[in-house]
Amino acid sequence: MTPQELAAQIREAVLAAIAGGSLLLESGDVPAQIVVDRPKNPEHGDWSTNVAMQISAKANSNPRAVAQILVPLLNEIKGVAGVDIAGPGFINIKLSAASQGELAAAVVAARVDFGRGDSLAGRAINIEFISANPTGPLHLGHTRWAAVGDAIARVLETQGAKVAREFYINDRGVQMDKFGASVQARALGQAVPEDGYHGSYIDDLAKQIVAADPAILDLAADARLVAFREAAYKLQLAQQQGVLDGFNTHFDVWYSERSLHESAAVDRGFATLREQGHMFELDGATWLRTTDFGDDKDRVLVKADGELTYFASDTAYYVDKRNRGFDLCIYLLGADHHGYVHRLRAVSACAGDNPDVNIEVLIGQMVKMMKGGEEVRLSKRAGNIITLEDLVDEVGVDAARYSLIRYPVDSPLTLDLDLLIQRTNDNPVYYVQYAHARIASVIRNAADLGIIDADSANWNQADFDPSLLVHEREGQLLGLLADYPRVVSSAAQLREPHRIARHLEEVATGYHRFYDACRVLPQGDESATALTISRLWLCAAARQVIANGLDVLGVSAPERM
RNA sequence: GCCCGCAUAGCUCAGUGGAUAGAGCGUCUGCCUCCGGAGCAGAAGGUCGUAGGUUCGACUCCUACUGCGGGCACCA
């Protein structure tokens with residue numbers, strides 16, 4: 001029995017108590033979702049519910065008295081082995097081994113679908129992240145979003161949402177010109193302007209461009225600058241795309257700011273805002289009255305000199321996303337952009353949308369890196385850039401992704417490179433992957449011994465007797481596996497994939513503890529028993545949950561390490 | 001000045017109103033004739049920044065304060 005099924009049965013019991021007159025309550029007062037949690041203390045049973053405390057006030061009673069009424073009804077539920085009242089009114093439920101163990105077969109049968117749900121079915125979600133200028137390599141802040149943004153997209157997809165990962169290419173404006181001028185300067189053997197780009201990658205780009213087209217040096221000055229800018233742009237964008245591909249982060253849409261302007265999307269965006277009545281003229285400029293919707297000042301769209309602001313692009317871009325059919329636009333921004341939250345929400349409102357429904361802005365705090373006990377300073381314009389590739393070269397894609405994902409993004413993150421470089425269980429990704437590889441090894445050995453087929457898809461469920469899984473640590477492991485779908489669902493709802501990583505670490509611990517206490521395969525001249533088979537089912541279920549969870553994080557689940 | 005985030009063990013950090021606040025690292029102590037020791041078991045280590053409030057119940061929600069990080073543009 002899954003906790004979801006148990007919750008539904010508890011709800012039935014409460015409704016039955018109301019119908020029978022023992023609880024003086026309207027059926028509408030019963031929460032739609034009964035909370036069923038795993039108690040921290042195993043002595044408190046397999047599952048626990050606080051429903052008695054939730055409804056006691058409305059029933060004009062106290063929680064323990066309500067619990068007393070419910071206990072006999074809960075005892076009637078098939079698969080429930082015991083019900084206790086504890087503390088202020090918790091109801092602790094113990095399941096029979098058979099009922100709890102059935103879950104292993106359910107997991108093995110569901111395979112990659114275990115943990116998926118439909119709470120976001122039918123939603124079209126656009127999630128925009130990284131959106132770096134194509135003027136340099138991706139740095140650590142981008143890398144955090146590459147890992148977390150992709151993981152959020154994957155988590156949303158587990159709940160049935162149709163998700164588009166989108167990268168907004170800031171390929172318009174003075175930064176591009178500075179970039180082109182910097183590359184050109186290096187190609188001509190000149191010093192890069194003070195406010196230009198200084199990394200050694202600028203020299204590399206210059207060399208590549210000249211090597212591919214030596215005639216570029218003979219162009220007239222104006223044309224040459226443009227040629228360098230465009231050539232460097234193409235190379236740098238391709239470099240970012242290649243790096244993200246290797247990082248297992250694949251975008252569905254690469255949206256160029258230039259194309260936004262070329263496609264008249266800006267005009268369409270302005271038309272929408274004008275219809276809604278929030279644009280106005282002042283001092284020769286065109287403004288959006290974002291203060292109507294909580295911004296602290298109104299924002300300029302068109303400057304007095306006729307130039308569009310960057311904010312105009314942002315505004316048009318939002319309207320364009322909505323016109324492309326997305327009912328929710330998620331933005332992942334760095335902490336240095338947090339001032340944008342109010343104005344982006346105001347844009348949504350000015351366009352006639354509901355900011356609480358159609359837009360969501362998540363802010364990721366800074367990533368710091370320590371090396372040799374000192375902070376490594378990050379600077380995009382200075383040479384000393386810590387890039388995505390640097391991190392991956394040092395620790396690999398899996399460890400890089402995992403160590404960035406396992407923390408919530410709203411607190412600053414300090415990565416200790418010296419620790420991450422060590423391939424030890426200082427980095428929990430190895431701990432989780434090790435559990436997966438260990439299970440794979442056990443099942444491989446079982447197949448080699450002829451006990452069972454190597455592929456759990458071919459196992460016969462009739463051989464599996466869940467009632468044999470009576471060991472305390474088998475029960476704890478089953479409980480952790482049963483809780484996985486709820487963890488995924490809340491991770492999706494809260495846009496917090498780190499919850500999955502943390503749960504996988506618990507599952508890995510649960511498996512290692514089980515493995516330590518419960519011998520799976522026969523030893524010496526013993527032969528396989530029904531218990532051997534049942535434990536192999538539990539192993540396969542644990543392996544499936546770890547594999548599914550790692551997949552949501554975009555991290556590999558190795559058969560061997 | 002205003003806005004956003006954070007403050008939990010020596011360190012790095014989990015903890016979506018619930019029971020005795022957890023993990024890893026570090027320190028100390030145990031467990032390999034046998035399925036992967038990248039493992040397991042145990043010890044020590046906490047006024048959850050401070051003060052109020054809401055609640056049957058607060059690390060969690062609200063208010064103020066203190067400290068730390070980041071941000072304020074007709075820049076991009």
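Letters A, B, ... mirror the listed sequences (proteins, then strands); counts begin at 1.
Shown here are the side chain to side chain donor-acceptor pair (under 3.5 Å) partners of A:Glu128, two or more places apart in sequence or in another chain: A:Ser131, A:Lys321.
Base engagement by A:Ala285 is indicated by at least one non-hydrogen atom pair under 4.0 Å involving a base atom. Within 4.0 Å of A:Asn170, counting heavy atoms only, lies no atom of the nucleic acid at all. Here A:Arg64 lies out of heavy-atom contact (under 4.0 Å) with every strand. In this structure, A:Leu282 reaches the bases: a heavy-atom distance under 4.0 Å links it to at least one base atom across the strands shown. Using a 4.0 Å heavy-atom criterion, one finds that A:Val174 contacts the sugar-phosphate atoms exclusively. Residue A:Arg495 is classed as having no contact, given no heavy-atom separation below 4.0 Å to the nucleic acid. Using a 4.0 Å heavy-atom criterion, one finds that A:Asp295 contacts no nucleic acid atom at all.
The shortest distance between side-chain heavy atoms of A:Phe90 and A:Met53 falls below 4.5 Å. With a 4.5 Å cut-off on side-chain heavy atoms, A:Tyr484 and A:Val507 do not count as touching.
For the P atom pair drawn from B:rG45 and B:rG10, the interatomic distance equals 11 Å after rounding to whole Å. When the P atom is compared between B:rG36 and B:rA23, the two are found 27 Å apart, to the nearest whole Å. Look at the P atom in both B:rC2 and B:rG46: the space between them is 38 Å, to the nearest Å. Remark: the separation of the C1' atoms in B:rC6 and B:rC59 is 14 Å, to the nearest Å.
In this structure, A:Tyr511 does not reach the B:rA38 phosphate: none of its side-chain N or O atoms is under 4.0 Å from OP1 or OP2. Contact check, A:Arg299 against B:rA73: a side-chain N or O comes under 4.0 Å of OP1 or OP2. Residue A:Asn62 places none of its side-chain N or O atoms closer than 4.0 Å to OP1 or OP2 of B:rC56. Put simply, A:Lys40 has a side-chain N or O that comes within less than 4.0 Å of OP1 or OP2 on B:rA19. Close to B:rA73, at under 4.0 Å from its OP1 or OP2, lies no side-chain N or O of A:Lys303. For A:His44, no side-chain nitrogen or oxygen approaches OP1 or OP2 of B:rG18 to under 4.0 Å.
In this structure, of B:rA73, B:rC35, B:rG71, it is B:rA73 that holds the atom nearest to the side chain of A:Arg343. Here the side chain of A:Ser48 is nearest to one of B:rA19, B:rG36, B:rG18, namely B:rA19. Of the candidate nucleotides B:rG70, B:rG18, B:rC74, B:rC74 has the atom lying nearest to any side-chain atom of A:Val300.
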Item to check | Summary of protein contacts for nucleotides 3-13 of chain B, nucleotide by nucleotide, where a base hit scores B, a sugar-phosphate-only hit scores S (4.0 Å, heavy atoms) | outcome: BBSS------S
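With rounding to whole Å, A:Arg513 atom CZ is found 12 Å from B:rG42 atom C1'.
Within residues 526-537 of chain A, no residue is approached by RNA chain B to less than 4.0 Å at the level of any non-hydrogen atom.
Put simply, the side chain of A:Asn92 and the base of B:rA19 share a donor and an acceptor less than 3.5 Å apart.
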